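Inspection log for the structure reproduced underneath, given as structure tokens.
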Amino acid sequence: MGLEKTQMKSFKEKVFEIVKKISRGKTMTYKQVAKMAGLPRACRAVGNVLNKNYDSKIPCHRVIRTDGSVGGYNRGRQKKINLLRNEKTI
DNA sequence: CATTTGACGCCAA
DNA sequence: TTTGGCGCCAAAT
């Protein structure tokens with residue numbers, strides 16, 4: 001506790017926190033996440049960070065492109081589409 | 001420390 | 001509308 005070191009969350013950490021907060025059936029764009037993380041132009045960096053993420057606790061499949069395209073997924077594009085489609089039918 | 005990578009976004013043709 | 005190319009940025013190598 002006392003030893004609070006300016007723990008600046010890395011951009012990656014911020015992205016994970018933001019994506020974790022995406023409710024089921026909802027979706028966010030890479031640009032939106034980047035903006036929330038403090039870098040409105042780091043849309044690419046967001047995708048890069050999520051690409052290295054293998055934590056199922058992070059619903060990174062809810063992050064899509066700004067133009068509405070599903071984008072990519074480290075587990076298979078089709079899988080991401082299925083998940084989104086599944087959540088679509090709440 | 002320099003260079004490459006890549007799940008993006010936007011514009012001109 | 002679709003395609004090609006450029007910009008932009010953190011993380012990995």
Side-chain angles (χ1 to χ4, degrees):
Chain A
M1 306 224 310
L3 297 192
E4 253 39 78
K5 45 198 90 228
T6 348
Q7 233 185 36
M8 299 266 306
K9 283 185 187 171
S10 293
F11 180 77
K12 179 167 60 170
E13 298 290 330
K14 291 182 187 173
V15 171
F16 287 143
E17 290 296 304
I18 294 166
V19 175
K20 274 186 203 171
K21 288 171 186 177
I22 303 177
S23 304
R24 182 172 180 268
K26 299 240 196 164
T27 55
M28 283 185 74
T29 66
Y30 292 98
K31 199 199 296 192
Q32 269 288 91
V33 176
K35 186 176 182 181
M36 298 272 281
L39 291 168
R41 303 195 175 185
C43 47
R44 277 169 123 180
V46 171
N48 248 347
V49 168
L50 293 177
N51 189 303
K52 291 165 99 204
N53 167 54
Y54 284 86
D55 192 337
S56 306
K57 311 291 183 276
I58 302 178
C60 50
H61 64 267
R62 290 181 187 151
V63 183
I64 61 178
R65 286 198 181 188
T66 299
D67 68 336
S69 299
V70 181
Y73 195 49
N74 52 16
R75 306 253 316 186
R77 206 178 356 24
Q78 192 61 39
K79 188 66 182 255
K80 181 171 174 182
I81 295 173
N82 272 328
L83 288 167
L84 290 172
R85 186 169 168 282
N86 187 32
E87 295 188 351
K88 211 169 156 194
T89 358
I90 302 277

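Computed from a prediction, not measured in an experiment: that's the story for all the values here. Numbers restart at 1 for each chain; the letters A, B, ... are given by sequence-line order, proteins then strands. Computed over heavy atoms, backbone and side chain alike; hydrogens, waters and symmetry mates excluded.
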How far apart are the closest heavy atoms of A:R62 and A:I22, and which atoms are they? NH1-O, 2.8 Å
Rounded to the nearest Å, what distance is computed from the CD atom of residue A:E13 to the P atom of nucleotide C:dA10? 15 Å
Among C:dA11, C:dC9, B:dG6, which nucleotide sits nearest the side chain of A:F11? C:dA11
Give the minimum heavy-atom separation between A:A34 and A:A42, together with the two atoms involved. CB-C, 3.7 Å
Find the distance A:D67:CG to B:dA7:P and express it as a whole number of Å. 16 Å
Using 4.0 Å as the upper bound for N to carboxylate O, is an ion pair formed by A:E17 and A:K20? yes
Nucleotide C:dA10, atom C1' - distance to CD1 of A:I18 in whole Å: 14 Å
Check for me, please, whether A:V63 and A:F16 land in the same ILVMFWY cluster - side-chain distances under 4.5 Å, paths through other members count. yes
Does a nitrogen or oxygen in the side chain of A:N48 sit under 4.0 Å from OP1 or OP2 of B:dG6? no
Can you tell me how far the CG atom of A:D55 sits from the CD1 atom of A:I58, to the nearest 0.5 Å? 4.5 Å
Encoded 5' to 3' (Watson-Crick or G-U under 3.5 Å; [ ] crossing; | other strand), DNA chain C becomes .||||||.|||||
Here's a test of your reading of the structure: between A:V46 and A:C43, which maps to the more 5' nucleotide of DNA chain C? A:C43
B:dG9 OP1/OP2 closer than 4.0 Å to side-chain N/O of A:T66: yes
Between A:F11 and A:A37, which heavy-atom pair has the shortest distance, and what is it? CE1-CB, 3.5 Å
Checking A:D67 now: which residues fulfil side-chain hydrogen bond (donor to acceptor under 3.5 Å, both in side chains) with it, not counting sequence neighbours? A:S69
So does A:R85 have more than 12 non-hydrogen atoms from other groups sitting under 6.0 Å from CZ? no
Would you mind reading off the distance between A:N74 atom CG and C:dA11 atom P, rounded to a whole angstrom? 17 Å
Just how far, in rounded Å, is C1' of B:dT5 from CG of A:L50? 15 Å
Measure the distance from OH on A:Y54 to P on B:dA7 and round it to the nearest whole Å. 10 Å
Tell me which residues in residues 25-41 of chain A lie within less than 4.0 Å of DNA chain C, going by non-hydrogen atoms. A:L39, A:R41
Going only through I, L, V, M, F, W and Y residues with side-chain contacts under 4.5 Å, is there a path from A:I81 to A:Y73? no
